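Note that this is a predicted model, so its numbers are computed, not measured. Numbers for residues simply follow the sequence, beginning at 1.
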Amino acid sequence: MPFSSNPPERLDPRVTRTRKMLRDALIMLLKEKSYERITIADITERATVNRKTFYLHYETKDHLLQSVTDSILDELFGEARAEQPMNLSIDEMQSYIAGRIFAYVKKHRTFFEVMFERKAMTDFVQYMKRYFARFYEEKFADLDESRLPVQKDVIASYIGSAYVGVIHGWLNDGMRQSPEEMTRQMILLNLQGPIQTVKNSQ
């Protein structure tokens, strides 16, 4: 998985623009029909570029899909990291991260909808969970595992699975709640856990 905390390589603006056009074309086509029925000709026509231009950037349709997916998820976690204030408590850090994540998902709603529902990438849910787990493994890297009741990788995996499940449910519900409300609920669940949250209401 090409997930990295290193700053992305700066590309020629023309390359960036062309790739964005191809990325947007694929995402919009996925709203209309299944991935299997989409051809490179469909993508280039929608993006208003020729086939030669497509092949200058991507080898195949699958290569484009993989690139689009990694680009969006890299941006998602880049947003979560971006300009994070120093010396935050764990609770403040979680709120900051969650707020960035839900805002980004809303901004790129179409991509997440088609990836969850159209299943262009059959293992997208697991793929996204691994991104989350990797992100939190990095966050927890300096923790002394001997002082934790649960392994760090288990904690990271649990949080990642919870985020992906909540995001999926939010999309299925038509994103009726604001990113701020989703952040509030996610932080509450992270702090108390689902079972303790229910017990506290009784």
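- Listed by chain and number, the residues in a side chain to side chain donor-acceptor pair (under 3.5 Å) with Asp42 are Lys33, Thr39 (sequence neighbours excluded).
- The existence of a salt bridge linking Glu180 and Arg184 is excluded, since no basic side-chain nitrogen approaches an acidic carboxylate oxygen closer than 4.0 Å.
- Shown here for Leu76 and Val105, the closest heavy-atom pair between the two residues is CD1-CG2, 4.4 Å.
- Note that OH of Tyr163 is 10.5 Å distant from CE of Met128, once rounded to the nearest 0.5 Å.
- For Gln151, the side chain to side chain donor-acceptor pair (under 3.5 Å) partners at least two apart in sequence or on another chain are Asp153.
- Taking the six-membered ring for Trp and the full ring otherwise, the centers of Tyr131 and Tyr127 sit less than 6.0 Å from each other.
- Taking CG of Leu22 as the reference point, atom CG of Leu64 lies at 6.0 Å (rounded to 0.5 Å).
- Take His168 and apply the side-chain contact (heavy atoms from CB on, under 4.5 Å) test, not counting sequence neighbours, and it matches Phe116, Glu117, Asn172.
- The CZ atom of Phe54 lies 12.5 Å from the OG1 atom of Thr18; values are rounded to the nearest 0.5 Å.
- Lys61 places a side-chain N or O within 3.5 Å of a backbone atom of Tyr35 that can act as its donor or acceptor partner.
- Residues passing the side chain to side chain donor-acceptor pair (under 3.5 Å) test with Arg109, sequence neighbours excluded: Glu113.
- To the nearest 0.5 Å, the span separating OG1 on Thr53 from OH on Tyr58 amounts to 12.0 Å.
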_One pair to check against side-chain contact (heavy atoms from CB on, under 4.5 Å): Asp24 and Met21. What are the steps and the verdict?_
CA-CA 5 Å; Asp24 291 348; Met21 291 166 62; 6.0 Å; no
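- In this structure, Ile187 belongs to a hydrophobic cluster whose other members, linked by side-chain heavy atoms under 4.5 Å apart, are Leu191.
- Using a 4.5 Å heavy-atom threshold, the side chains of Arg23 and Ser71 count as touching.
- Taking the side-chain contact (heavy atoms from CB on, under 4.5 Å) definition, one finds that Val166 meets it with Phe102, Met182, Met186, sequence neighbours left out.
- Test His57, Arg51, Lys52 against Tyr55 for side-chain contact (heavy atoms from CB on, under 4.5 Å) and you get one pass: Arg51.
- Of the possible polar contacts, none joining the His108 side chain to the Tyr104 backbone as a donor-acceptor pair under 3.5 Å is found.
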*Going through the checks in order, is the side-chain contact (heavy atoms from CB on, under 4.5 Å) test met by Phe112 and Ile27?*
CA-CA 9 Å; Phe112 288 100; Ile27 292 171; over 6 Å; no
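- For the pair Glu92 and Ser95, the minimum side-chain heavy-atom distance is 4.5 Å or more.
- Rounding to the nearest 0.5 Å places CD of Gln94 at 8.5 Å from CD1 of Ile101.
- Within a 6.0 Å sphere centred on OH of Tyr158, other residues, nucleotides and ligands contribute 12 heavy atoms or fewer.
- Atom CG of Leu29 sits about 5.0 Å away from atom CD1 of Ile38, to the nearest 0.5 Å.
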